[in-house]
Amino acid sequence: LGLWRTQKQNYPWETVIKAAMRKYPNPMNPNVVGVDVLDRSLDTEGRLHSHRLLSTEWGLPGIVRAILGTNQTRTYVKEHSIVDPEEKKMELCSTNITLTNLVSVDERLVYRPHPENPDVTILTQEAIITVKGVSLSSYLEGMMARRMSANARKVTNTKMYN
């Protein structure tokens, strides 16, 4: 299942990027229970590269765990982001590294200032969700896509940190 959407965030790019880099953990998205920075560096063009490991706890309903054939609810996601302050662009790509035999989720978020209004940031979200080898896979893919889309919107509903 592919997901693609664009949305406006009514904050300047710099504010949104600061919030996106600090968004976990937060009470608006309690599924992310831990964040470990594996590597963070500047390249020769002044772009900030970050590699993080996210620990997530998805309180999946019993029926979904039964369909997937697992009781595992703790999952791990690798995330790579590039913040380009010159171009005013942040690209964040993430993919799960656990339960890959059951589901794969590849997500890409791109934050850019609105071309006509610098006080607004445009977020483009793309995700490919594949549930493998289980019945009702399209139902599960749709459920995951809706949850991911709702979570991407939460960055604007979360207190913008200074």
message = Counting C-beta onward and ignoring hydrogens, is there a side-chain heavy-atom pair between R52 and R40 closer than 4.5 Å?
response = yes
inquiry  = To check you understand the geometry: which heavy-atom pair defines the closest contact between V77 and I97, and what is its length?
reply    = N-CG1, 4.3 Å
key: Shortest non-hydrogen contact from Y76 toward T98   = N-OG1, 2.9 Å
Any donor-acceptor pair under 3.5 Å from N117 side chain to D119 backbone = yes
task = State, to 0.1 Å, how close S104 and N96 come at their nearest heavy-atom pair, and which atoms those are.
result = CA-OD1, 3.3 Å
query = Same cluster or not: are L109 and M21 linked, directly or through other Ile, Leu, Val, Met, Phe, Trp or Tyr residues, by side-chain heavy atoms under 4.5 angstrom apart?
reply = yes
task = Identify, with sequence neighbours excluded, every residue that meets salt bridge (Lys or Arg N to Asp or Glu O under 4.0 Å) alongside D39.
result = none
key: Reported CD1-to-NZ distance for the pair I82 and K89, which is rounded to 0.5 angstrom   = 8.0 Å
note = Contacts of R108 meeting salt bridge (Lys or Arg N to Asp or Glu O under 4.0 Å) (sequence neighbours excluded), chain-then-number -> E91, E126
note = Closest heavy-atom pair, G46 versus P85, reported as atoms and distance to 0.1 Å, is O-CD, 3.6 Å
ask   = Roughly how far apart are S94 OG and D106 CG, rounded to 0.5 Å?
value = 8.0 Å
message = Looking at R112 and E87, is any side-chain nitrogen of the basic one under 4.0 Å from a carboxylate oxygen of the acidic one?
response = yes
ask   = Looking only at heavy atoms, what is the nearest atom pair of Y111 and I17, with distance?
value = CB-CD1, 3.6 Å
note = When rounded to the nearest 0.5 Å, the distance separating CD1 of I122 from CD of Q9 is 8.5 Å
request  = Identify, with sequence neighbours excluded, every residue that meets salt bridge (Lys or Arg N to Asp or Glu O under 4.0 Å) alongside K78.
outcome  = none
query = Do the side chains of S50 and S81 get nearer than 4.5 Å, heavy atoms only?
reply = yes
inquiry  = Could you check whether any side-chain heavy atom of E79 comes within less than 4.5 Å of a side-chain heavy atom of V35, counting everything from C-beta outward?
reply    = no
request  = Please name the pair of heavy atoms, one in T121 and one in Y11, separated by the smallest distance, quoted to 0.1 Å.
outcome  = OG1-O, 2.8 Å
query = At what distance, to the nearest 0.5 angstrom, does CZ of R74 lie from OG1 of T56?
reply = 8.0 Å
Evaluation steps, side chain to side chain contact (heavy atoms under 4.5 Å, CB included), between E86 and E45 = CA-CA 9 Å; E86 277 300 309; E45 297 174 28; over 6 Å; no
ask   = Would M90 end up clustered with L48 when hydrophobic side chains under 4.5 Å apart are linked, directly or stepwise?
value = yes
